[in-house]
Amino acid sequence: MRLNFSRRWIVACAAISILAMAGCGRKSSEVDDAALRAADGDSANWITYGRTYSEQRFSPLKQIDEQSVGKLGLLWSYDLGTLRGVEATPLVKDGVLYTTSAWSIVYAFDAKSGKLLWSYDPMVPKDHAKYVCCDVVNRGVALYKGRVYVATLDGRLVALDAKTGAPIWDVQTTPKDSSYAITAAPRIAKGRVLIGNAGAEYPVRGYVSAYDAESGNLAWRTYTVPGDPGKPFESEALKRAAATWSGEWWKAGGGGTAWESMVYDPELDLVMFGTGNASPWYDVLRGKGDSLYAASIVALHADTGEQAWYYQTSPGDNWDYDATQPLMLATLSIDGAQRRVVMQANKNGFFYVIDRENGKFISARPFAPVNWATGIDPNGRPIENPAARQLKDAALVKPSAEGAHNWNPISYNPMTGLVYLAVLEDTSLHAIIPHWKINLHDQTTGSDRAYRGPARDAYLKMKSSGRLLAWDPVAQKEAWHVDLPDPKSGGTLATAGNLVFQGRADGKLSAYRATDGKLLWDFDAGVGIAAPPMTFSVDGTQYIAVESGWGGPQVLSNRPPGKGHVGPAKLLVFALGGTATLPPYQHVDRPVPMPTFKLAASKAEIEEGRKLFANTCARCHGGEAVSGGSVPDLRYVSTPTHEMFEEIVLGGARREFGMPSFTGDITPPQVRLIHAYILDRARESAQADAKKK
Ligand code: CA
């Protein structure tokens, strides 16, 4: 009897472990290569940035579906303690949720209760904020064999113990204290951690690195653009690329940074990523030519980092059309054949379907208004509109430099065959800084934010708009869209519950029916949502998690703020029947006080100050000195702050709050002109606000 009993027990255990291997009730197993390859079947967990290697962000979970979603409610929230942008995708493994916040800070929570298990602050020097175009954001971590990997704003890659958050190794992946930055989540392929970098708006040269996950040793590094042709090229691919550049491009670095998307394709053993703009933005400044491999989708052999193929989306890019938007792998039936494709909704307004075996162009159609090109020819080359490149005075170009789509994750539901994405319809005013020369300390785009002229008058009359779009990638056409109240919105999540989740600038997190876009549920987070929602389950309960917090280029832009709600960033976790609430958060518009600080300046000096402010300060403190809200609005500063203005701007007195020193960029007399302009703007605004009373 005893023997029989124990035999039965052994059989039951074996059955359980078979289930566990199949991904049902997987408990405390490791995130290893097999788990990453099988991530799609492991519905409870979300173990890599885009959920699976294909990065489709489709979850098979369906406890929350079109019938039950009305009962979805907040279960818990956590205040991330920042007003800066948050853009991370949380990862979940066996009931533990790992995420990041601004300044590359990592958090681990008990996913059910919201209890903080640990946090890790990599102590990023705050004045590194100078070297990011688009806020001090971070998009999340990678998990592998009991470790959590985070890349930091100042260019480090750090391995942490997943149980305690204790650092195991910490390597600098970019030249220390340089104008590179990292905001992307690392990816894992075959025991290596893959990471790119950001900074194509600065004088840098882009590259992708693979580090051994165990030791932190560099396995390979592949540059995206050619360096100084006076020195040996690192590869034949870069030698070929050099023929597509002219002038002395290497002096401004070349750009082409792989700052966001990266996917590993285990079927083809390829690593694919998108590259940013060539540097500077305009070909009259950097030299004519296609500028390979900037603004391209590039595939490398995973073992060696050698190039397998490339496809350039914007040859000779002249409009900041980075090709760094999410890459998504799928197998689609196209003209009767099963094609292994990589898809991208590019900043340049075209939705691309590319054969990922060889990089061959399959199709591309505009998903937003485009005026820089009239289409893509059968060879995959854009048919350009010459007026958009000429920039004689200034050009109004669609889509804007922010992109018809940007970094925000997109999702694909294989049941509907549709891709869900945020679309921004906007225009950029491209003008070149007169007498531009490279500044090795700061941004080097060549774009003149101080431009005044007839094109600007037209620009200011233009409206922007935004929508959630469901796109059929096979037919290359819209299935449905939902117009949104604010042009800007966030990443998407698709689920087997026939749902699409998306957050947006006004703070709403919404669920739509995947088949037709009908709004089924929403929740008011009070502050804008740019980050993508994700889903997971623990002990049979399905949860939805998203970070709320509005920052990024939407806030740090040179246009006055829209309706995007800046406020305390939070991690929000929802489940059916959740009844938690958020503390009320009020957006208060305070009138600008009349400054009492005196600084004598002529009209001409104030105008000089305006130009300097536009090209040095506006990218964080806002166009016309109206801040988006997460960085101080300088019209409101107090007299003691005015008194130490130069100490702050040149001396770095507010370094620890993220205000860098601009020594080497501007001189003390120029600081005085900027100061005079800010005071003038404060007086103007204070007078206007007083009249409103
Ligand atoms: Ca760029």
Side-chain angles (χ1 to χ4, degrees), residues 85 87 129-137 139 153 174 178-184 196-208 224-225 249 252-262 273-283 285-286 290-298 312-327 344-350 372 388 391 397-408 424 426-433 436 438-439 442-449 530 552-554 556-559 615 618-620:
E87 299 183 350
K130 185 182 179 187
Y131 300 120
V132 282
C133 65
C134 308
D135 212 349
V136 295
V137 295
R139 299 193 194 87
L153 197 74
T174 57
S178 66
S179 48
Y180 287 91
I182 304 181
T183 54
N197 42 57
E201 272 64 47
Y202 298 80
V204 309
R205 182 183 177 205
Y207 56 84
V208 168
T224 60
V225 294
W249 76 86
T257 48
W259 61 263
E260 169 50 27
S261 60
M262 199 177 306
F273 56 89
T275 62
N277 57 281
S279 177
W281 282 0
Y282 305 112
D283 64 356
L285 301 180
R286 69 167 186 268
D290 282 357
S291 302
L292 288 170
Y293 303 97
S296 300
I297 300 166
V298 180
Q312 191 172 40
T313 48
S314 298
D317 171 39
N318 213 47
W319 312 279
D320 187 24
Y321 288 155
D322 305 312
T324 50
Q325 302 72 53
L327 294 172
Q344 186 182 61
N346 195 282
K347 249 176 133 177
N348 72 14
F350 288 90
W372 70 278
L391 299 182
V397 183
K398 289 173 192 289
S400 75
E402 221 176 288
H405 183 78
N406 206 309
W407 63 270
N408 310 75
L424 169 64
D426 200 8
T427 311
S428 265
L429 175 64
H430 284 284
I432 295 172
I433 296 177
W436 175 87
I438 303 165
N439 174 3
D442 200 8
Q443 285 206 347
T444 190
T445 64
S447 175
D448 187 9
R449 291 175 160 136
Q554 299 95 333
L556 309 178
S557 71
N558 59 351
R559 259 196 190 189
N615 283 325
R619 64 175 185 261
C620 289

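Just so you know, ligand 1 is whichever comes first in the structure, and atom 1 is the first atom listed for that ligand.
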For the Ca ion (ligand 1), angle spanned by Asn277 OD1 and Asp320 OD1 (nearest 10°) is 80°

(Q) Less than 3.5 Å apart, any donor N or O on the side chain of Thr313 or Asn346 sitting next to an acceptor on the other? (A) yes

Is it the case that the ring center of Phe350 lies less than 6.0 angstrom away from the ring center of Tyr321? no

Review point. Can the ring centres of Trp436 and Tyr282 be said to be less than 6.0 Å apart?
Key: no

| field | Residue pair Leu153, Thr183: steps toward the side chain to side chain contact (heavy atoms under 4.5 Å, CB included) verdict | value | CA-CA 6 Å; Leu153 197 74; Thr183 54; 4.0 Å; yes

Worksheet item: Does any N, O or S atom of Thr445, backbone or side chain, fall under 3.0 Å from the Ca ion (ligand 1)?
Response: no

For Glu201, the N, O or S atom at the shortest distance from the Ca ion (ligand 1) is OE2

